There are 2 protein chains.
Amino acid sequence: MTLTTSYLQEIFTGLFELPLLDEIARVGIHKRVSAGTYMIRPGEFIRSVPILVRGSIKIMRPDNQGREALLYYLGGLDSCAMSLTCCMGGRKSEITALVEENTELIAIPVDKVDEWMCRYSSWKQFVFLTYQKRFNDLLQTLDEVVFHKLDERLLTYLRKKTDSCQCTVLSITHEEIAHELATSREVISRLLKQLEKAGQVKLMRNKITIL
Amino acid sequence: MTLTTSYLQEIFTGLFELPLLDEIARVGIHKRVSAGTYMIRPGEFIRSVPILVRGSIKIMRPDNQGREALLYYLGGLDSCAMSLTCCMGGRKSEITALVEENTELIAIPVDKVDEWMCRYSSWKQFVFLTYQKRFNDLLQTLDEVVFHKLDERLLTYLRKKTDSCQCTVLSITHEEIAHELATSREVISRLLKQLEKAGQVKLMRNKITIL
DNA sequence: GGCGTTCCGTGACAAAAGTTACAGGAGTCT
DNA sequence: AGACTCCTGTAACTTTTGTCACGGAACGCC
């Protein structure tokens with residue numbers, strides 16, 4: 001799909017200056033990616049930095065035994081710090097990025113990411129803001145794991161999920177939750193049952209309603 | 001203490017170009033900080049970005065109950081990503097930085113950090129490398145907490161410590177370790193005793209020898 | 001309807017981690 | 001030596017988390 005400056009103006013109101021929007025329109029690649037697609041896996045190289053226009057992407061960290069912990073989500077107008085470091089440093093990815101909801105994004109080629117840093121101060125700001133956000137995301141995730149018990153972690157997990165999808169009913173299985181919190185299905189089932197008894201959630205097959 | 005370009009050349013051999021070294025010599029502030037000093041605490045603002053020449057600094061993340069988990073260490077020629085984001089974004093610190101060994105550092109004023117980004121490509125590289133390193137540090141820490149049990153975490157903790165101080169005998173109490181791993185002293189004592197029985201370490205008052 | 005698959009509930013048990021309580025050793029100071 | 005503080009060891013117990021085993025419900029597909 002071709003990008004027009006006026007379309008970009010709508011999306012990035014006030015964020016980027018006009019000449020930069022022109023450049024983005026010229027070299028950016030407009031993509032739609034459907035849920036379930038892997039954007040990147042550990043060991044792969046990244047050739048462009050994505051800016052999300054719509055949808056959400058899940059960033060996960062695998063270990064060497066098939067487990068995979070959830071790090072954070074990318075949402076509207078977010079970009080990815082890992083892709084930045086990988087691009088700028090020419091290094092392999094250390095994480096997995098899985099498209100969670102159908103996503104629309106603009107891919108910026110590596111060399112432009114670097115070039116624009118000095119040419120457009122709004123771009124530089126954007127890049128640093130991205131680092132800042134992801135760093136904080138990581139710290140929050142760490143807080144959860146280090147300082148909180150599983151039942152609390154489960155609750156904040158559910159809350160974040162409902163926040164990002166803007167709804168109170170989640171379509172998810174216990175198995176999936178267990179995977180993202182790096183624990184077992186039985187444990188999650190047990191804790192969810194506790195939460196249900198405490199009146200915090202309502203459980204159905206493949207669905208969880210947060211009250 | 002005044003900085004000379006020739007001194008900086010010794011330290012940063014091949015890392016920065018000559019004109020940049022000149023600038024660093026002019027505006028950088030050479031400091032010695034002794035062990036035990038707090039460089040920064042949560043809620044404070046940062047007015048300069050430090051580059052470590054010698055020594056080490058411990059970066060910790062507090063929760064709201066007096067606990068404080070170890071994130072990672074800064075060592076030789078490292079800089080701090082948190083200080084970068086804080087400076088570039090004008091935000092408060094979210095972490096604690098405690099000088100672990102007597103440290104020698106060069107403090108770069110905020111405005112120069114930004115200015116040099118475009119003027120010196122070696123500086124830009126340095127900044128991005130710093131982000132990259134800290135990001136990876138954080139990911140590794142997260143790996144430990146999410147995927148490993150306490151006894152393993154304790155071992156890697158001890159190993160990292162010995163690596164950074166270049167010695168096999170650590171001067172540390174069980175209490176301190178417990179604090180950094182966000183658990184209780186009794187648990188650490190118990191696990192250390194296990195490790196001693198397994199022939200991995202040798203315990204003395206205020207000292208732990210890694211075998 | 002019957003069949004297979006996926007998902008959920010749960011009991012029973014094991015392992016890991018946290019808590020409480022207390023004893024005693026090592027060091028310091030006077 | 002006596003008093004004191006700080007550090008370590010350890011037993012006993014609770015809570016939390018992980019694992020195994022199984023049964024049954026919900027759903028889709030002939």
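We use all heavy atoms of the structure for the numbers below, so side chains are in, but hydrogens, waters and symmetry mates are not. Here is the naming used below: chain letters follow the sequence lines, and residue numbers restart at 1 for every chain. Since we're looking at a predicted model, the values are computed, not measured.
Atom NZ of residue A:Lys133 and atom CG of residue A:Asp78 lie 4.0 Å apart, to the nearest 0.5 angstrom. Considering CD1 of B:Ile40 and CG of B:Leu98, their distance stands at 12.5 Å, rounded to 0.5 Å. The CD atom of B:Glu144 sits 11.0 Å away from the CG atom of A:Asp63 when rounded to the nearest 0.5 Å. Considering CE of A:Met60 and CZ of A:Arg41, their distance stands at 8.5 Å, rounded to 0.5 Å. Distance check: B:Ser189 OG to B:Glu196 CD gives 11.0 Å after rounding to the nearest 0.5 Å. Note that CD1 of A:Ile29 and CD1 of A:Ile24 are 13.0 Å apart. Values are rounded to the nearest 0.5 Å.
Taking a heavy-atom distance under 4.0 Å as the criterion, the stretch of DNA chain D touched by chain A extends 5' to 3' from D:dT16 to D:dC27.
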Protein-nucleic acid N or O pairs under 3.5 Å, nucleotides 2-6 of chain C:
residue : atom : partner  : partner atom : Å
C:dT6   : O2   : A:Arg205 : NH2          : 2.9

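For the pair A:Val187 and A:Leu181, the minimum side-chain heavy-atom distance is 4.5 Å or more. Inter-residue side-chain proximity for B:Ile106 and B:Leu8 is flagged as met; some heavy-atom pair is nearer than 4.5 Å. Side-chain contact between A:Thr141 and A:Leu70: absent, with no pair of heavy atoms (C-beta onward) separated by less than 4.5 Å. Looking only at side-chain heavy atoms (C-beta outward), A:Leu71 and B:Leu139 come within less than 4.5 Å of each other. You'll find the side chain of B:Leu74 stays beyond 4.5 Å of the side chain of B:Met39, heavy atoms only. B:Lys207 places none of its side-chain heavy atoms less than 4.5 Å from the side chain of B:Lys202.
A salt bridge is defined here as a Lys NZ or Arg NE, NH1 or NH2 lying under 4.0 Å from an Asp or Glu carboxylate O, and A:Lys160 with A:Asp163 fails to meet this definition. A salt bridge between A:Glu68 and A:Lys58 is absent, with no side-chain N of the basic residue lying under 4.0 Å from a carboxylate O of the acidic one.
Axis angle across the helix from C:dG1-D:dC30 to C:dT30-D:dA1, with five pairs used at each end and values rounded to 10°: 30°.
A heavy-atom distance below 4.0 Å to DNA chain D is reached by these residues of residues 181-200 of chain B, ordered by number: B:Arg185, B:Glu186, B:Arg190, B:Lys193. A heavy atom closer than 4.0 Å to some atom of DNA chain C occurs in B:Lys149, B:Leu150, these being the qualifying members of residues 146-153 of chain B.
Atom C1' of nucleotide C:dC8 and atom CD of A:Glu176 are separated by 14 Å, given to the nearest angstrom. Rounded to an integer number of Å, the gap from NE2 of A:His174 to P of C:dC7 is 11 Å.
Counting only residues at least two apart or in different chains, ring-ring contact (aromatic ring centres under 6.0 Å, His included) contacts with residues 133-152 of chain A comprise A:Phe135-B:Phe135.
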